[in-house]
Amino acid sequence: MMTVADIAKKIHAFAPTALAYEWDNPGLQVGDYNQPVNRVLIALDVTRATLDYALEIGADMIVSHHPLIFRKLKNVTDPFLLELIRNKIAVLSAHTNLDVTNDGVNHKLADRLGVKNIDYISTDTGASLFHVAVYVPLDYVEIVADAIFSVGAGRIGNYRGCGNEYQVQGRFEPTQGAKPAIGKIGRVETVEEIKFEFFADSTNLNAVIQSMRKAHPYEEPVYAVYPQNRQSPNYGLGLIGEIDDPMSLSEFTEYVKDRLEAPFVRLWQAEKTSDAVVKKVALCGGSGSSLLSRVIGRADVFVSGDFTYHTFLDSRIPIIDAGHFYTEYPALDILSDVLSNCEITVVKLPLDRHDGSKLRTV
């Protein structure tokens, strides 16, 4: 029997809460970590319609993209929260941590739009980078390296298993009480070693150190951890890439509308004509206006949502506003996939049952 804690562990292994922006509130919103879970409902938002559907299908838990609770509560008197509690429906959210994680919201949006050869628009996240060096006897380098890489270290962008090796000579003297793998108590030993260096993210640093120590033959491995004072390049917000077949701006606008199943989109052509060629595309699920200044000159068009009137007027790059809901709805497939091998029933809230899908122009 799986529990709320088991579901949270799966979600957070894929999108660690440490990646989230400081203002965000991902994680368990309502519920008991020890509560058994048989059926999970995946939704973008936790609204009245979401709760009604959860009750209809007998869900024990809702996993949403947008948090149910953003601000601190002074009391718990909201009838909606009380109804969730009375029906023992737990709520867990993965928000900006799911936005910026590798293979997260924007990667799914890129897949939906056929955008390839992608790079992050911004690497500003909650994750920082560390340089780690460990000294390993020659015969154990591959064993220790495999242990380190197995928990996510050594990844730089699209490359995995990255590290550097330098042959050195180690020197030590085991003292009373030591249990040396090499050498004897009270005798100075010199050993041919490899200084193995690699990068690790703050999200997995502790797991990397634990895995390294477990695989290392020494009772007390010698290692050093150096903060890099910069963001990790392995996570980020928004993506820039290319489509295989260039289209006109008007054709690409219709393509976006069709691929996202959006009832309408808004197009700002900037100084371009409708037949301007689109090859390079910038995108960001949800609200992407904060990234606009970072994509000017780097892409032919920017696809996102929630642009204001003056943001359109000030933009020197064409914008396709496909709406907050429709640019993030593909994220539900991610959450479903993460939980797909769990011994539970996972149900995705149908598009037409989401309140966000009912926004219309009249």
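Values below: every heavy atom of this structure, side chains too, minus hydrogens, waters and symmetry copies.
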Inset, instruction - Determine, step by step, whether Arg294 and Asp124 satisfy the salt bridge (charged side-chain N to carboxylate O under 4.0 Å, His left out) criterion, reporting the C-alpha distance in whole Å, the side-chain angles of both residues, the deciding distance to 0.1 Å, and the verdict. - result: CA-CA 12 Å; Arg294 302 193 187 200; Asp124 294 338; 2.9 Å; yes

Inset, instruction - Quick one: name the residues clustered hydrophobically with Val222, using the 4.5 Å side-chain heavy-atom rule over I, L, V, M, F, W, Y, and just say none if it's on its own. - result: Tyr135, Val168

Inset, instruction - If the plane angle is over 60° it's perpendicular, under 30° parallel, otherwise tilted; pick one for Trp23 and Tyr21. - result: parallel

Inset, instruction - Classify the ring geometry between Tyr120 and His107 as parallel (under 30°), tilted (30 to 60°) or perpendicular (over 60°). - result: perpendicular

Distance-only side-chain donor-acceptor flag, [X] / [Y], under 3.5 Å:
{"X": "Gln169", "Y": "Glu193", "result": "no"}
{"X": "Thr253", "Y": "Ser250", "result": "no"}
{"X": "Ser232", "Y": "Asp201", "result": "yes"}
{"X": "His324", "Y": "Ser287", "result": "yes"}

Inset, instruction - Report the residues that fulfil side chain to side chain contact (heavy atoms under 4.5 Å, CB included) with Asp321, sequence neighbours left out, ordered by chain and then residue number. - result: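 Listed in chain order: Arg266, Phe307, Phe312.
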
Inset, instruction - Only counting residues at least two apart or in another chain, list the ones meeting side chain to side chain contact (heavy atoms under 4.5 Å, CB included) with Ala5. - result: Thr3, Tyr33

Inset, instruction - Identify, with sequence neighbours excluded, every residue that meets ring-ring contact (aromatic ring centres under 6.0 Å, His included) alongside Phe80. - result: none

Inset, instruction - Would you indicate whether Lys279, at its atom NZ, is surrounded by more than 12 heavy atoms from other residues, nucleotides or ligands within a distance under 6.0 Å? - result: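 Atom NZ in Lys279 is packed in, count exceeds 12.
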
Legend entry - Shortest non-hydrogen contact between Gly286 and Thr327, atoms and distance: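 That would be N-OG1, 2.8 Å.
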
Inset, instruction - Taking the six-membered ring for Trp and the full ring for Phe, Tyr or His, determine whether the centres of His95 and Phe70 are under 6.0 Å apart. - result: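 Yes: the rings meet the under 6.0 Å criterion.
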
Inset, instruction - Would you please indicate if the ring centroids of Tyr140 and His216 are separated by under 6.0 Å? - result: no

Legend entry - Under the side-chain hydrogen bond (donor to acceptor under 3.5 Å, both in side chains) test, residues paired with Glu56 that sit two or more places apart: Arg353

Inset, instruction - Return the set of residues passing side-chain hydrogen bond (donor to acceptor under 3.5 Å, both in side chains) with Asp275 (not counting sequence neighbours), or none when no residue passes. - result: Thr273

Inset, instruction - Give a yes/no verdict on a cation-pi contact between Arg112 and Tyr255, requiring under 6.0 Å between NZ or CZ and the six-membered ring centre and an angle within 45° of the axis. - result: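 No, a cation-pi geometry is absent between Arg112 and Tyr255.
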
